[in-house]
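Here's the structure we're looking at; comments come further down.
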2 protein chains.
Amino acid sequence: MNTLAEENYLKCIYHLAIDAGVVSTNQIAASLNTRASSVTDMLKKLADKALINYTRYQGVSLTDAGEKIAIGIIRKHRLWEYFLVEKLNFKWDQVHEMAEEMEHISSEELIDRLDEFMGHPKHDPHGDPIPDCNGNFKSVELKPVSALAINQCGVISGVRDHSSPFLQYLEKQQLTIGKKVTITDIIEYDHSVALKTETDKEIYISREVANNLLISL
Amino acid sequence: MNTLAEENYLKCIYHLAIDAGVVSTNQIAASLNTRASSVTDMLKKLADKALINYTRYQGVSLTDAGEKIAIGIIRKHRLWEYFLVEKLNFKWDQVHEMAEEMEHISSEELIDRLDEFMGHPKHDPHGDPIPDCNGNFKSVELKPVSALAINQCGVISGVRDHSSPFLQYLEKQQLTIGKKVTITDIIEYDHSVALKTETDKEIYISREVANNLLISL
DNA sequence: TTCATATTTTAGATAAGTCTAAATTTTTTA
DNA sequence: TAAAAAATTTAGACTTATCTAAAATATGAA
Ligand SMILES: [Mn+2]
Ligand SMILES: [Mn+2]
Ligand SMILES: [Mn+2]
Ligand SMILES: [Mn+2]
């Protein structure tokens, strides 16, 4: 099978390609905290294994085989995150690093049984969709709070920033996945936003937070 | 922390030292399916880290620090095996290889919460004791069936051979952990043994099986 | 006790994954 | 469109963990 490093590169390329399509060497290097020269070395190896489409200086994309592997790893990552939160009572800001290790446990049968044990969850603790055992998942179009207008309402369904400080902040504000919110005000001056929760509590968030908090309408 | 290879060496030395005290280079090489020269290289590294006591040509033993790490890995291995059998419904012959990977997941908090989630089990699916979060466990003195006399009885509490074929065979014979058995006959000619279960079913096992099936009296 | 054999260590290579520094190619800017 | 800047690749080196072959040490049988 594939090494841990190869799996991490494939997953990284998959995530970067969601916005960009073709992914550059420097993007990968930045995302994996490594050097561009190291990335080039690995790209050659992945291209030899037919997991990416790669032409020198032109960036890369995943082949179908590469994408399948990447989605498999993401499935494992998200299922383990769900397990850690739902069964072991970790907070949503504590699980990512552990899942980074657990996503490389190789057994497919293990992950399928874990999936079944937890009742085939559709979303991980951060609202991201969990691919099924065939790699299928539907991604709902989400909008950042910053893209909404006054009086629009929706359900908190995802985050753009997965960092611990951001997630902890959201939890303290009770802005967690599944909560229904309505935009009550948008301050022109600094683009900060006022929200109302179901319990009519009013919460003010900065433009930065509004950019990273995703809503389904 | 320690690399995966280092952890595997420490665990291996721990297991070999249970019988022998001091462990030889060749024993480790045989157990890890590697070459004596590779073992020597690693022993130097582990000695530098003060995890083993090592003098050239004289074999090795674990230091307290090394033993603590080894027991921690064994704790993880056995807890994951328990999880796989009790929560994910794997058979006892299917879990060892998966646990070999999972025992290297680093988080201590994860394993402590897993332990709690499962109600602090005392033994893994093969009857081996699970160390607690301080590394403590009591190992009961077990005897192979081959060491018992006619009419002696006891409870199946462990196995010496953890291979899939052996465990599958035992399961088919319903000779599983916790079953109470009584020796009804010992054939002088080939040292095979006849056992009686609680349900008065009579089972004949070879000397080899009798050697690998452990009983607590 | 001595020598043949077994065990262990050393020497020198290899592969994976990473790095720095230099060379090359592409892109931008003037 | 030609130089400057940025991006990418190549060259060569390092670390970890492995290997084979040769050398060193220990062991045990005569
Ligand atoms: Mn994550
Ligand atoms: Mn997640
Ligand atoms: Mn095991
Ligand atoms: Mn076990």
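Naming convention: chains lettered A, B, ... in sequence-line order (proteins, then strands); numbering from 1 in each chain. These numbers come from the heavy atoms of this one structure, side chains and all, not from hydrogens, waters or symmetry mates.
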- Item | Presence of B:Y57 side-chain N/O under 4.0 Å of C:dT10 phosphate oxygens OP1/OP2 |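 Checking B:Y57 against C:dT10: no side-chain N or O falls below 4.0 Å of OP1 or OP2.
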
- For D:dC19, does OP1 or OP2 lie under 4.0 Å from any side-chain N or O of B:S38? yes

- When only distance counts, do a donor and an acceptor, one from the side chain of B:S37 and one from the base of D:dT18, lie under 3.5 Å apart? no

- Query: Got a sec? Which of residues 22-30 of chain A come in under 4.0 Å of DNA chain D, heavy atoms?
  - Reply: A:S24, A:T25, A:N26

- Query: Given C:dT8, D:dT18, D:dT8, which nucleotide is nearest the side-chain atoms of B:D41?
  - Reply: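 Comparing C:dT8, D:dT18, D:dT8 against the side chain of B:D41, the answer is D:dT18.
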
- A:T40 side-chain proximity, nearest of D:dT18, D:dT8, C:dT18: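 Looking only at side-chain atoms, A:T40 lies closest to D:dT8.
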
- If only atom types and distance count, is the side chain of A:D132 paired as donor or acceptor with the main-chain N or O of A:N136 below 3.5 Å? yes

- Could you state the OH-C1' distance from A:Y54 to C:dT25, rounded to the nearest angstrom?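 After rounding, the reported distance stands at 12 Å.
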
- Please report, rounded to the nearest Å, how far the P atom of C:dA22 is from the CZ atom of A:R35. 15 Å

- Rounded to the nearest 0.5 Å, what separation is found between the CD1 atom of A:I69 and the CG atom of A:L62?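 Between A:I69 CD1 and A:L62 CG, I get 9.0 Å after rounding to 0.5 Å.
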
- What distance do B:M98 atom CE and B:W80 atom CH2 have between them, rounded to the nearest 0.5 Å? 12.0 Å

- Task: Report the residue (A:T3 or B:Q58) whose heavy-atom-nearest nucleotide on DNA chain C is the more 5′ of the two.
- Result: B:Q58

- Message: Both A:R56 and A:Y9 contact DNA chain C. Which one's nearest nucleotide lies toward the 5' end?
- Response: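 On the 5' side of the pair lies A:Y9.
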
- Task: Step by step, work out the salt bridge (charged side-chain N to carboxylate O under 4.0 Å, His left out) result for A:R113 and A:E109.
- Result: CA-CA 6 Å; A:R113 288 201 188 204; A:E109 177 155 21; 3.0 Å; yes

- Message: Whether the A:S163 and A:D161 side chains hold a donor-acceptor pair (N or O, under 3.5 Å, no angle test) is what I'd like checked.
- Response: yes

